[in-house]
Asks: 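First the structure, then my questions, so here it is.
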Amino acid sequence: QVSLVESGGGLVQPGGSLKLSCAASGVTYSTYTMGWFRQAPGKEREFVAAISSSDAVTYYADSMEGRFIISMDTAKNTQFLQMNALKPEDTAIYYCAIGEPAYANDAKAYDYWGRGTQVTVSS
């Protein structure tokens with residue numbers, strides 16, 4: 001009955017911001033890494049960011065260019081992705097995930113996934 005539920009997606013103009021949330025149930029943040037991935041139409045699933053629950057170390061894809069910030073609230077089993085200076089190429093379905101990956105950007109190593117939330121950046 002593990003469940004991850006994303007929220008906060010929607011339509012935003014270029015240059016705007018969105019904050020995504022991911023609430024987890026059936027698991028607790030302990031030694032897990034929490035990650036965000038995205039997938040645009042016709043593209044491979046792409047790593048966005050991750051954070052370690054044990055030491056709060058963060059990881060970002062170089063392509064995010066410092067625009068995105070990952071954070072977590074361990075007491076509420078919730079993770080966040082603050083997205084700033086959004087570009088049309090950020091349009092994708094965004095997925096949250098938890099797992100114990102050897103490498104934070106390895107999608108195959110994550111154990112649980114949300115169903116995704118659509119982010120559309122357009123005028």
Side-chain angles (χ1 to χ4, degrees):
Q1 67 280 343
V2 174
S3 178
L4 303 178
V5 180
E6 300 96 338
S7 62
L11 176 65
V12 64
Q13 292 186 339
S17 297
L18 286 173
K19 187 173 184 178
L20 307 183
S21 299
C22 175
S25 61
V27 295
T28 57
Y29 295 166
S30 55
T31 61
Y32 286 110
T33 294
M34 279 64 67
W36 288 93
F37 294 78
R38 69 186 186 187
Q39 189 164 20
K43 305 292 185 181
E44 298 289 328
R45 184 164 295 189
E46 178 185 25
F47 171 72
V48 175
I51 184 169
S52 171
S53 64
S54 61
D55 57 12
V57 172
T58 58
Y59 308 86
Y60 295 95
D62 290 342
S63 61
M64 301 305 112
E65 301 176 348
R67 297 177 297 119
F68 294 0
I69 303 169
I70 189 170
S71 61
M72 61 185 296
D73 183 339
T74 57
K76 297 180 179 179
N77 280 5
T78 302
Q79 63 195 81
F80 308 94
L81 183 69
Q82 178 66 49
M83 309 168 67
N84 301 313
L86 285 162
K87 305 174 181 179
E89 52 263 44
D90 294 318
T91 296
I93 300 174
Y94 284 71
Y95 300 89
C96 66
I98 62 173
E100 297 177 285
Y103 298 95
N105 64 351
D106 181 9
K108 297 290 187 180
Y110 285 80
D111 298 309
Y112 307 107
W113 291 81
R115 290 176 291 180
T117 185
Q118 178 70 47
V119 173
T120 302
V121 184
S122 176
S123 298

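The model shown is predicted, which means the values in this text are computed figures rather than measured ones.
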Asks: Identify the two heavy atoms, one from Trp36 and one from Glu6, that lie closest to each other, and give their separation to 0.1 Å.
Replies: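 Minimum heavy-atom contact is CZ3-CG, 4.0 Å.
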Asks: Who passes side-chain contact (heavy atoms from CB on, under 4.5 Å) against Lys87, sequence neighbours left out?
Replies: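 Applying side-chain contact (heavy atoms from CB on, under 4.5 Å) to Lys87 gives Glu65, Arg67, Glu89, Asp90.
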Asks: Measuring from Ile51:CD1 to Thr74:OG1, what's the distance to the nearest 0.5 Å?
Replies: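 Result: 9.5 Å between the selected atoms.
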Asks: If you compare all heavy atoms of Leu20 against all heavy atoms of Val119, which two are closest, and at what distance to 0.1 Å?
Replies: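 Of all heavy-atom pairs spanning Leu20 and Val119, the closest is CD2-CG2, 4.1 Å.
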Asks: So Ile98 and Gln79, do their side chains get closer than 4.5 Å, heavy atoms only?
Replies: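 When only atoms from C-beta onward are counted, Ile98 and Gln79 do touch, with a gap below 4.5 Å.
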Asks: Check whether Tyr95 and Leu18 end up in the same hydrophobic cluster, where Ile, Leu, Val, Met, Phe, Trp and Tyr are linked by side-chain heavy atoms less than 4.5 Å apart.
Replies: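 Hydrophobic grouping puts Tyr95 apart from Leu18.
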Asks: Please name all residues satisfying side-chain contact (heavy atoms from CB on, under 4.5 Å) with Ser122, sequence neighbours left out, ordered by chain then number.
Replies: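 For Ser122, the residues satisfying side-chain contact (heavy atoms from CB on, under 4.5 Å) (neighbours in sequence not counted) are Leu11, Thr120.
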Asks: By ring-ring contact (aromatic ring centres under 6.0 Å, His included), which residues pair with Phe37, not counting sequence neighbours?
Replies: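 For Phe37, the residues satisfying ring-ring contact (aromatic ring centres under 6.0 Å, His included) (neighbours in sequence not counted) are Phe47, Tyr110, Trp113.
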Asks: Are Cys96 and Met34 side-chain neighbours, meaning at least one heavy-atom pair lies under 4.5 Å?
Replies: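 Heavy-atom side-chain distance check fails, nothing below 4.5 Å.
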Asks: Tell me whether Arg45 at atom CZ has more than 12 heavy atoms from other residues, nucleotides or ligands lying less than 6.0 Å away.
Replies: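 Counting other residues, nucleotides and ligands, CZ of Arg45 exceeds 12 neighbours.
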Asks: In Å and rounded to the nearest 0.5 Å, what is the OG1 to CE distance from Thr33 to Met72?
Replies: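 Separation between the atoms: 9.5 Å.
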Asks: Determine the minimum heavy-atom distance between Cys22 and Leu4, stating which atoms define it.
Replies: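 Distance-wise, the nearest heavy atoms are SG-CB, 3.9 Å.
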Asks: Applying side-chain contact (heavy atoms from CB on, under 4.5 Å), name anything that partners Ala40, two or more places apart in sequence or on another chain.
Replies: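 Listed in chain order: Lys43, Ala92.
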Asks: Keeping the roles fixed (side chain from Thr117, backbone from Tyr94), state whether a donor-acceptor pair exists under 3.5 Å.
Replies: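 Looks like no, no N/O pair under 3.5 Å.
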Asks: Provide the closest heavy-atom pair for Asp111 versus Glu100 in the form atom of the first, atom of the second, distance.
Replies: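 Nearest heavy atoms, Asp111 then Glu100: OD2-N, 3.9 Å.
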Asks: Using the ring pair (Phe, Tyr, Trp, His ring centres under 6.0 Å) rule, collect all pairs that involve residues 55-85, keeping only residues at least two apart or in two chains.
Replies: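 Passing the test, one end in residues 55-85: no pairs.
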Asks: Which value, rounded to the nearest 0.5 Å, describes the distance between Thr58 atom OG1 and Ile69 atom CD1?
Replies: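 Interatomic distance, Thr58 OG1 to Ile69 CD1, rounded to 0.5 Å: 9.5 Å.
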Asks: Tell me every residue that passes salt bridge (Lys or Arg N to Asp or Glu O under 4.0 Å) with Glu46, counting only those two or more places apart in sequence or in another chain.
Replies: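 Applying salt bridge (Lys or Arg N to Asp or Glu O under 4.0 Å) to Glu46 gives Arg38.
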Asks: I want to check something: taking the side chain as every heavy atom from C-beta on, are Gln82 and Ser71 in contact at a cut-off of under 4.5 Å?
Replies: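 No, side chains not in contact.
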